[in-house]
Amino acid sequence: MPYSWSIRRHLYALVLAVVVPMAILLAYSIQSNVRSHLADASSITLTLAQISAADTQRFVHDAGQVLAGLAKRPKVRALDPANCDALLQDFKEFFPQFANVAIADKSGAVVCSALTSRLGKRASVAGTTWLRQVAEANAYIAGYPHIGPVSGKWVSVLAYPIRDEDGLFIGVVGFPIDLVQYRPLQANVNLPKGTVIRIITSDGTILASSESPKDWVGRKLDDAALAARIREEKHGQAWTGSGLDGTVYGYTPVPGTDWYVVSSVPAATILDDVLANASRNSALLLMLAIIAGFAAYQIGRRIVRPIIDIAGTAKAVATGQLDRRAPVVGPREIKDVAEQFNTMLSVRQRTEEKYRNLLESATDAIVIVNAEGRIIFANGQAENMFGFAHKELVGQQIDVLVPPALRHAHGAKVARFVADPQSRQMAPGTELRAIRKDGREFPVEITLSPLMTDEGLIISAIVRDVSERKRYEERLVYLAQFDALTGLPNRNLLRDRLEQALSRAIRDNKRVGVILIDVDRFQELNDTLGHRAGDALLKAIGERLSAAVPDTATVARPGGDEFIVMEKVHAEGEILLMGETIQEAFTAPFHLDGKDVFLSVSIGISVYPDDGADADTLLKNVDVAMYQAKHDGRNTFRFYAPEMDKRASEHVLIENHLRRALSRNELLLHYQPKVDGRSGRVLGVEALARWENPELGMVPPARFIPVAEETGLIENIGDWILRTACAQNKQWQDDGIPPIVMAVNISATQFRRSDLVRTVCAALEATGLAPQWLELEITESMLMQRPEEAEALLRQLAAMGVGIALDDFGTGYSSLAYVKRFPVRNLKIDRSFVRDIHTDPNDAAIVRTVVSLAKSMELGLVAEGVELREQLDCLAALDCHVYQGYYFSKPVPAESCTSLLRQSLAGVAGNDSP
């Protein structure tokens, strides 16, 4: 009995020795894992919120940079719907993350939009909170969520003010973020199950959600107390609920906005594995206790060693050695405990690896340091950004990433931050200088977040390389003042320098000369040589101008083929000398792709104070003077004179009325017959444009045709003339008048168009006129611009049956050399040779030569401008019998021309009768 009691006593003692440590070990393991998992989850939710806040800040900031550039564009500041919808459509296609791109005036009326309003009319944002915000602040803001009046989607508008020259608010340009499409975390990462990231406003309204955005955007957070806590604390962590029904939150503000990022993970996700393993281990512990009660004595020695090993493994894991595993030895039950313990460690290791992978996939560098400033973690982006290998970073002082000259000041800031981390001496998004391993410095934005752990204070730093953004900002600043092609000052910088020069001129009693240089016929050269060569030519012009004027002068390119030179002088004679020097600089050819290109320029000059006391007046008057130089034949310069304003005003008046002439049916055609002098028969007519305006009366072609050519309106007018003339000729044929040839003048602008053949075909097809009854009149200068392309074009027209007449023949510089090359049907002798043919032997000799040329090449011949019987007799003597001029008829309306055609037909019939 004593022996058996002693055995039982030892057996019970052995059972207690086995079971109690195991129970204690299991309880410690469960508690340690729960605490560790919750701490990890708190850290990760806060880090997720910080990463997403950094992404959102970058998105808002970069959008602001683009909006700032847009708001400064002249077309945007004009608030003109006709000039900016196409521009905004380009931006909308380039930034698909926005629901729209729009511009509104200060009253809220949407003047420009990349999307068409659903209501079919211009929308309004009057009364919206965000419009009031940007108007009151006159600065960039991120607005509250609302339903967009144009897109019909949940949006939050990123709005930038449009300011006038005095900096006053006149409108707004905005990017409405498509909140349903926007994702709080841009990186493509796998979040832990149940993890939700949301962006909210200060009142708890949800802006964006990583989960079911259609259901959540625009709603309030369900937990009002949590929203109030976020609003009060700004940055931190929270636990709501209890047990497995609880949720871990991390939250942080989005710098520069009234927004917060909230990241949440359900407690069930965090503790499922821990509790499952704990349940299994408890069952195993109970089983072990039962088994130990029956066999404690026999297996006592085999139990102690495995338990010690498991305890040692648990201690190692507690110090961070997550790769340690307990030896699976001893009885089967202890092996099961060891295996379950190892499984629990593997689950924890996978969880930490998952969160580590999440940090590795962040788009920004993440560096974590301890309170001593030593790096304990750096993700792959940090390695790439700073050029260090992982083993070269971890364990180093953070100073290795700071330029030497800044390390002392940086150390002081770190010390203050560690002493009082909640004071946030370094605001989120602070710009600093960093250094790479190779010694190159670069700008970064850094956001610091403190976190208390079991090991003490650690500080996580989210670092973003902003080098590219800095270069973009510098480029925007450069483009705001300089021309991108030539590198010369643009109109903005020119105006600034001109205003400064005027201020100094008043003080120094000096003059300021403004010289506007316009390259004659540059558009024709650009079309001929190609835009790439045209750009190279503009750069060469800028270089030559800079070399021709004094170093103290400003040479600017305000746009197109215009350049401006501005200089302070003592006397007007210095400006005259400078104008002559500039004109002389263009006498030498420009060498372009192995070819010599000769240019001439038209120059206008205005002088302070005679021609204006401010920059606007001087620039307006120099423009008037330049146009006067063009009007006077180009390749010259003119000083501004007050009487020029009258001519410039007339030019503007003609242009304004001419732009509406076609839509108001103010244009009409007159027709001048071409007559056979021997039979008196009308062989054809030439269609000539006339313009009758209700205010201006009958405007001569000499007044409106040059304006139409300068403004490009000649294209639409020329197309109308072609179609109307073809329709009239077909109408005469339908009325029983024998077919005649209708001649239509083609402008140089029409001739350069690539669709001229298609335009002619369309006119013939629309009117039903056969091609042989249409003749196109062109000038020699058109052929000389691009002879190879002109030949191909004319041969296409001739192959259709359309006739080609060479107008003003004999006035060009290559008549005889080029006429044989082109499929020309008729030559028209210029009126300048016909006018004095009966009194000037030289004119008669020229006409004789042209007649001989036409005969030898079997071409038709028409003499223009015949007004006298003596002129007609001389032409007949030279064997030129077809003429056009006032001797027979001036250009007349269609009704009068119809009578002439019928009279001609009757006359010919009378001559043929017996």
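Hydrogens, waters and symmetry mates are skipped; everything else that's a heavy atom, side chains included, is used.
Side chain of R198 to backbone of W216: no donor-acceptor contact under 3.5 angstrom is found. Here the side chain of S460 pairs no donor or acceptor atom with the backbone of I368 at under 3.5 angstrom. Proximity of a side-chain donor or acceptor of Y140 to a complementary backbone N or O of G64 within less than 3.5 Å is detected. Of the possible donor and acceptor atoms, none in the side chain of N100 sits under 3.5 Å from a partner among the backbone N and O of P176. Between the side chain of N621 and the main chain of D611, a donor-acceptor pair closer than 3.5 Å is present. With hydrogens and angles disregarded, no donor-acceptor distance shorter than 3.5 Å links the side chain of T247 to the backbone of V265.
A search for side-chain contact (heavy atoms from CB on, under 4.5 Å) contacts involving D616 returns R495, D614, not counting sequence neighbours. Partners of Y627 according to the ring-ring contact (aromatic ring centres under 6.0 Å, His included) rule, which considers only residues two or more places apart in sequence or in another chain, are H651. Listed by chain and number, the residues in a side-chain hydrogen bond (donor to acceptor under 3.5 Å, both in side chains) with T129 amount to none (sequence neighbours excluded). The ring-ring contact (aromatic ring centres under 6.0 Å, His included) check on W259 picks up nothing, with sequence neighbours excluded. Under the salt bridge (charged side-chain N to carboxylate O under 4.0 Å, His left out) criterion, R231 pairs with no residue at all, not counting sequence neighbours. Not a single side-chain hydrogen bond (donor to acceptor under 3.5 Å, both in side chains) links R433 to another residue, sequence neighbours left out. With sequence neighbours excluded, the residues that form a ring-ring contact (aromatic ring centres under 6.0 Å, His included) with F704 are W691. With sequence neighbours excluded, the residues forming a ring-ring contact (aromatic ring centres under 6.0 Å, His included) with F442 are F386, listed by chain and number. Checked against salt bridge (charged side-chain N to carboxylate O under 4.0 Å, His left out), R471 has the following partners two or more places apart in sequence or in another chain: E468. Contacts of D483 classified as side-chain hydrogen bond (donor to acceptor under 3.5 Å, both in side chains), with partners at least two apart in sequence or in another chain: T486, R557.
At a threshold of 4.0 Å, the pair D223-R229 does not count as salt-bridged, since none of the basic side-chain nitrogens sits closer than that to a carboxylate oxygen. One finds no salt bridge joining D623 and K620 here, because no Lys/Arg side-chain nitrogen approaches an Asp/Glu carboxylate oxygen to under 4.0 Å. Look at E445 and R469 and you find a salt bridge, because one of the NZ, NE, NH1 or NH2 atoms lies within 4.0 Å of a carboxylate O, short of that distance.
Pairs engaging residues 159-177 under the salt bridge (Lys or Arg N to Asp or Glu O under 4.0 Å) rule: none recorded [sequence neighbours left out]. Contacts classified as salt bridge (Lys or Arg N to Asp or Glu O under 4.0 Å) and involving residues 148-160 (residues at least two apart or in different chains) are given here: K153-D178.
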* To do: Could you walk me through whether F59 and Y182 pass ring pair (Phe, Tyr, Trp, His ring centres under 6.0 Å), step by step?
  => CA-CA 11 Å; F59 175 80; Y182 182 76; 5.0 Å; yes
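Here the rule is side-chain contact (heavy atoms from CB on, under 4.5 Å) with V172, and of V110, D105, L131 only L131 fits it.
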